[in-house]
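Structure provided below as structure tokens; questions to follow.
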Amino acid sequence: ESILELEGVSKRYPVDDSWLARLRGTDRYTDAVDDVSLSVVAGETLGIVGESGAGKSTVIDLVTGLDAPTGGSVRLDDEPVEALADRSREQVVSIGRLFQHPRSSLDPRQRVGIAIEEPLVEAGWEPTRREERIRELLTLVGLDSRHADRRPDQLSGGQCQRIALARAIALEPALVVLDEPTAALDVSVRARVCNLLMELQDRLACAFVLVSHDLGVVSHLADRIVVMRDGRIVETGSTAAVCTAP
Ligand code: ADP
Ligand code: ADP
């Protein structure tokens, strides 16, 4: 019962495919992701760790169907990702950008309640059901309806992350991908968000993929870890095994 399955996935970008380079046979490519296979089962948390340029963002784009692989296959809930319509894909997978620029991941002009409501509107939920769900989500992430009328700059960084998280889990997707490329928050806020994530792991049935350059954050939360370098998986295993490796 894999919720996400990558099989031999590659993404090749042209570095120089100008007509002249092609004419002369000197065209060059870079493999942002190179023959990556991994799977995530229901309810599990997988960490994807790697330094800048390792291919993490590219993997996210491929998993969420934002981009198509140049090789291999991506399956979500046993369907090829390219076969899913936007609407049904959003029911399976959602992405939360939490740790990177917590405020900028939200629309600065939009009251944060609207940000949480958006996916519910897109999924066609009736107003009364939306109201109920928004209250439920705010409670789940440790906020209340007073916060819903504020704009991102009227909330703290930690609160903005909670809102981004509430939005990501709004439709209770089977898989939530959390992207945190630069972990630019101070230590105490990060610790609290980690604790909140642990709570949500217990309370929600969804699987998480945590993408980070910071093994420290991920090691607290992930069941298994995949380490990427130069587009390839260089290490994979249980969090304990990966973290104690020499
Ligand atoms: P990470 O998220 O781990 O920092 P990325 O997935 O952003 O890594 O990038 C992996 C590699 O692919 C990098 O070398 C990057 O320069 C390259 N790359 C990513 N996107 C593109 C693109 N659109 N065009 C060309 N090269 C790209
Ligand atoms: P957190 O630990 O959740 O990030 P902070 O210590 O940053 O919280 O902020 C504490 C309180 O200050 C919060 O209740 C928040 O509502 C308020 N606050 C923080 N930043 C702002 C801001 N730019 N405008 C208004 N209120 C703010």
Side-chain angles (χ1 to χ4, degrees), residues 4-40 45-76 81-82 89 93-106 161 164-165 168 175-185 190 193-194 197 207-237 239 242-243 245:
L4 172 68
E5 181 112 45
L6 269 62
E7 244 178 59
V9 168
S10 299
K11 179 70 186 182
R12 170 166 284 191
Y13 287 110
V15 173
D16 180 8
D17 64 345
S18 64
W19 69 272
L20 196 56
R22 268 187 288 166
L23 186 73
R24 292 175 176 169
T26 58
D27 45 345
R28 286 176 300 127
Y29 298 86
T30 180
D31 294 306
V33 170
D34 187 4
D35 194 20
V36 162
S37 300
L38 59 84
S39 65
V40 179
T45 297
L46 177 74
I48 300 181
V49 179
E51 283 169 18
S52 179
K56 307 182 299 296
S57 311
T58 305
V59 167
I60 292 180
D61 290 348
L62 297 174
V63 165
T64 51
L66 223 70
D67 218 336
T70 41
S73 71
V74 178
R75 297 177 78 81
L76 275 178
V81 64
E82 67 275 12
R89 197 185 58 236
V93 63
S94 81
I95 175 158
R97 297 188 190 274
L98 292 200
F99 294 83
Q100 188 177 37
H101 321 301
R103 288 200 180 84
S104 71
S105 61
L106 299 167
Q161 287 186 320
L165 197 51
L175 178 67
V176 179
V177 179
L178 300 180
D179 180 13
E180 47 117 42
T182 56
L185 287 174
R190 207 156 67 193
V193 173
C194 271
L197 279 173
F208 289 90
V209 171
L210 305 178
V211 179
S212 176
H213 74 281
D214 183 355
L215 182 61
V217 170
V218 170
S219 65
H220 290 296
L221 298 160
D223 302 308
R224 285 189 304 123
I225 288 183
V226 158
V227 182
M228 290 186 70
R229 187 180 306 138
D230 295 333
R232 297 185 142 266
I233 293 180
V234 291
E235 213 173 318
T236 175
T239 299
V242 169
C243 289

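For the single chain, residues carry numbers from 1 onward in sequence order. Bear in mind the structure is a predicted one, so any value in this text is a computation, not a measurement. Indexing begins at 1, ligand by ligand and atom by atom, following the structure's order.
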Notebook entry, point to check: Heavy atoms under 4.0 Å from ligand 1: which residues qualify?
Noted result: Tyr13, Ala32, Glu51, Ser52, Gly53, Ala54, Gly55, Lys56, Ser57, Thr58
Checklist line | Summary of salt bridge (Lys or Arg N to Asp or Glu O under 4.0 Å) pairs that have at least one residue in residues 9-19, sequence neighbours excluded | finding: Lys11-Asp67, Arg12-Asp31
Next item on the list: Spell out, as yes or no, whether a donor-acceptor pair under 3.5 Å connects the side chain of Ser10 to the backbone of Asp35.
Entry: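 The answer is yes, because a donor-acceptor pair under 3.5 Å joins these two groups.
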Checklist line | Side chains of Leu62 and Val9 in contact at under 4.5 Å (non-hydrogen atoms) | finding: yes
Note to self: If we ignore hydrogens and angles and just use 3.5 Å, is the side chain of Thr58 paired with the main-chain N or O of Ala32 as donor and acceptor?
What the structure shows: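 A pair under 3.5 Å: no.
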Item checked: Main-chain N/O of Val176 paired to Ser94 side chain as donor or acceptor, under 3.5 Å ->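 Such a contact is absent between Ser94 side chain and Val176 backbone.
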Checklist line | Passing candidate, side chain to side chain contact (heavy atoms under 4.5 Å, CB included) with Leu6, options Val40, Val33, Val74 | finding: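 Only one option passes, and that is Val74.
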